[in-house]
Amino acid sequence: MLGTGPRASVAAVAVTAAALAAAAVAGALTGTATVAPNAAGKPSHVSLDIKPDGGNPKTVLIRVTRGFKFDPRAAAKRCDKSHAQANKCPAKSKVGSGTSDVTVHQDAGVLPDSHLTVALELFVAPPVKPGDVSGVVIHYKEPQTKQEGAITGRVYKGAPSPFDLLVRFDKLDQVVKVPQGYSLRVDRLQASFGANRTVNKTVHKNGKTHTKKVHYHLVTNPKTCNGSWPYEIQLFFANSSPTTSGSVACTP
């Protein structure tokens, strides 16, 4: 359980920041998203450097352009619900990491602002709902107070459209607990994710048995490139649901 002081609330702030680690942030922001390599059809890693206004959305929804593939088999293990709740995701389920810079502000202005950095780790999880591509656990920890926790989001296919791969985190406003008299702001989020795994599979063909190497990649780029790959991010607050869009440069 979180405490009631400004530093004890940092772990809660990280929940909001972590949910935004899958891609970008909606609303007013500055930042960049890169895919390396950015060649069409290639396995890749995604990196983010984002400076949002902050806030506490109820839901974060990220829409990724058609053609991107997310393969959870790139991780050898899964971080199930029990492991996530115990903050002990298997090492072999980890697929990314990052940091979130946050400011804790006393509304009365008597105490100076506290500027802290929260460590983030991303893990592959079992699907949250039947038919989902995968689940994603984001574990957050503030090194000074040792406050930590985890949230689980969905990776799933949406209705046919230019954006058919979606990442969603719900009920964030129920997770983040802000002590009375303080306000929180996410200043900067930096994260990267991607994983590759090779396994040996036994193949039986024409009466013979041999071993075949099979490669799994967490993220694979679309097979085609027209100069860039677009994305959309939408935040749902109590009284608004702003959407922002951007694109990642690509090469054929």
Under 3.5 Å side-chain donor-acceptor pair for Lys212 and Asn200: no

Where Ser44 and Pro37 come nearest, the two heavy atoms and their spacing: CB-O, 3.5 Å

Same apolar cluster (I L V M F W Y, side chains within < 4.5 Å links), Phe123/Ile62: no

Nearest non-hydrogen partners of Thr65 and Pro222, listed with the distance: CG2-CG, 4.4 Å

Within 6.0 Å of NZ in Lys223, more than 12 heavy atoms from elsewhere: no

Minimum heavy-atom distance Pro160-Arg66, with the two atoms named: C-NH2, 4.1 Å

Non-hydrogen side-chain atoms of Val133 and Lys157 separated by less than 4.5 Å: yes

From His83 atom NE2 to Lys77 atom NZ, the distance as rounded to the nearest 0.5 Å: 9.0 Å

Closest approach of Pro72 to Val124 (non-hydrogen atoms, all atoms of both residues): CB-CG1, 3.7 Å

Minimum side-chain heavy-atom gap Val35-Val219 below 4.5 Å: no

Minimum heavy-atom distance Gly149-His139, with the two atoms named: O-CD2, 3.2 Å

CZ on Arg78 to OG on Ser134, rounded to 0.5 Å: 6.5 Å

Neighbour count above 12 (heavy atom, 6.0 Å) for Asp107 CG: yes

Co-membership, hydrophobic cluster, residues Val167 and Val95, 4.5 Å side-chain: yes

Val136 side chain reached by Phe70 side chain, heavy atoms, under 4.5 Å: yes

Test item: Phe68 and Thr220 side chains (from C-beta on) under 4.5 Å apart, heavy atoms: no

Spacing of CG belonging to Asn196 relative to NE2 belonging to His45, to within rounding of 0.5 Å: 5.5 Å

Cys79 to Val137 - nearest heavy-atom pair and separation: O-CG2, 3.8 Å

Separation of Asn38 CG from Thr251 OG1 (nearest 0.5 Å): 4.5 Å

Ionic contact status for Arg73 with Asp71, cut-off 4.0 Å: yes

Separation between CD of Glu121 and CD1 of Ile138, rounded to the nearest 0.5 Å: 11.5 Å

Donor-acceptor contact below 3.5 Å, side chain Arg154 vs main chain Asp170: no

side-chain contact (heavy atoms from CB on, under 4.5 Å) partner of Val155, chosen from Asp132, Val128, Leu165: Leu165

Euclidean distance, Leu61 CG relative to Arg168 CZ, rounded to 0.5 Å: 5.5 Å

